[in-house]
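What follows is a set of notes on a single structure, which appears directly below.
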Amino acid sequence: MAVVRKNISQNADVRDQYIQGVQLLKNEASGRKTNEFGIPGAARSVSTYDLFVIWHVTAMMLETPPGNPAGRNSAHRGPVFAPWHRVMLMLFEQNLQRLLNDANFGLPYWDWAEDGDLPPQQQSAAAIWGADCMGGQGNPVTTGPFAFSQSDPSAFRVRISTNISGELRSVNRGLRRAFGVSADALPRTAHVTHALALSPYDSPDWDADTNSFRNRIEGWMNDEGVSATWLHNLVHVWVGGEMLLGSSPNDPVFFLNHCNIDRLWESWMTRNGRVYVPDMTAGADLKGHRIDDPINSPLGRSATPRETLDVSEIYEYDALP
């Protein structure tokens, strides 16, 4: 039976399970070490949670194809954006289910448009940033379940980050957030509505300048068709701190944001059919973004975009916009 993914701001039980699961993943040794990923310094154990951080960074560093002028990589700025992150979320959810010993646990989502409809000065006080949910902002974050304490070895710590060139490095510090510093406000419900009205899913030139559903939800173009930080990207930028980096999965909010993006994609497919482009007749310059190209992962089996289009036997959402 499919699990149900719910709004974290409206379901305390799911919220508490998510926090517990993240903490368990963060403290579970994956059996792999930093030197296996070319991270400089003494070899150090990598937690299962941090494998997701490494996976995201390495995907961003893999241009498809190498040197392409659009900056398209194996997870962003192209058609595979939605399928790639769907695979990531499913593997993350499976690991949470395993450690929580609850096969019925569904990854929650953050409906940030609800908070985006609030006046900008009230958005940082939304329920998600409460001490009983994701905690607040700071360098480091000092409230909530992921607060940092130098003297407490069990406190949530960022152990994998990136240098100025985007390359992996070892660190040992607290989580960082800075609400509304690089962007004034979160996306609003109207912006979501406008994105869901777009068709097709994607189109040539398959990049950040395309006026397509994929490009709109990824957040490279606004409702006027002008290049801008929008939807998914805008959420990253508004939260700030860790969420500005390739290592953004360090913030547990990353998965709540992407679960909401996945919810929007699912809503779009209920309206437009479970379709995806480009197909396999597309040229090698789109390798990694075509419908049967594999999405590789260090955490489990590979999948293709085609295999992600219908996940109705695995999970569903409690509500679609």
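Between the side chain of H289 and the main chain of N73, a donor-acceptor pair closer than 3.5 Å is present. A donor-acceptor pair is defined here as one N or O able to donate and one able to accept, closer than 3.5 Å; such a pair exists between the side chain of N68 and the backbone of P65. Distance alone, capped at 3.5 Å, places no donor-acceptor pair between the Q17 side chain and the F105 backbone. Under a 3.5 Å cut-off, the side chain of N272 and the backbone N or O of W268 do form a donor-acceptor pair.
The environment of Q121 atom CD is dense: over 12 non-hydrogen atoms of other residues, nucleotides or ligands sit within 6.0 angstrom. Counting non-hydrogen atoms of neighbouring residues, nucleotides and ligands closer than 6.0 angstrom, the CZ atom of R188 reaches no more than 12 such neighbours. D310 CG: more than 12 foreign heavy atoms inside a 6.0 Å radius. Crowding of N163 atom CG: a count of heavy atoms from other residues, nucleotides or ligands under 6.0 Å exceeding 12.
Here the straight-line distance linking atom CZ of F255 with atom CG of L107 works out to 8.5 Å at 0.5 Å rounding. Residue D50 holds its CG atom at 8.0 Å from CZ of R159, rounded to the nearest 0.5 Å. Summarising the geometry, atom CG belonging to N27 is positioned 10.0 Å from atom CG belonging to L99; distances are rounded to the nearest 0.5 Å.
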Donor-acceptor pairs under 3.5 angstrom involving side-chain atoms of residues 135-142: please list them, not counting sequence neighbours.
from	atom 1	to	atom 2	distance (Å)
Q137	OE1	F179	N	2.8
N139	OD1	R176	NE	3.1

List the atom pairs, donor and acceptor, that lie under 3.5 Å between side-chain atoms in residues 33-41 and the rest of the protein, sequence neighbours left out.
from	atom 1	to	atom 2	distance (Å)
T34	OG1	R44	N	2.9
E36	OE1	R32	NE	3.2
E36	OE2	K33	N	2.9

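Scanning for side chain to side chain contact (heavy atoms under 4.5 Å, CB included) contacts around P294 gives N296, S302, with sequence neighbours left out. In this structure, D205 has no salt bridge (charged side-chain N to carboxylate O under 4.0 Å, His left out) partners at least two apart in sequence or on a different chain.
The hydrophobic cluster of L62 has no other members, since no ILVMFWY side-chain heavy atom comes under 4.5 Å of it. The hydrophobic cluster containing V181, built from Ile/Leu/Val/Met/Phe/Trp/Tyr side-chain heavy atoms closer than 4.5 Å, comprises no other residue.
Side-chain contact between W238 and P187 is absent, with no heavy-atom pair separated by less than 4.5 Å. Taking 4.5 Å as the limit, every side-chain heavy atom of T229 sits out of range of all side-chain heavy atoms of H236. Annotation: side chain of H76 is in contact with side chain of H85 (closest heavy-atom distance under 4.5 Å). Residues R214 and W220 are in side-chain contact: their nearest non-hydrogen atoms beyond the backbone lie under 4.5 Å apart.
In summary, D207 and R72 do not engage in a salt bridge, as defined by a charged side-chain N under 4.0 Å from a carboxylate O.
For the pair R5 and Y109, the cation-pi criterion (under 6.0 Å, within 45° of the ring axis) is not fulfilled.
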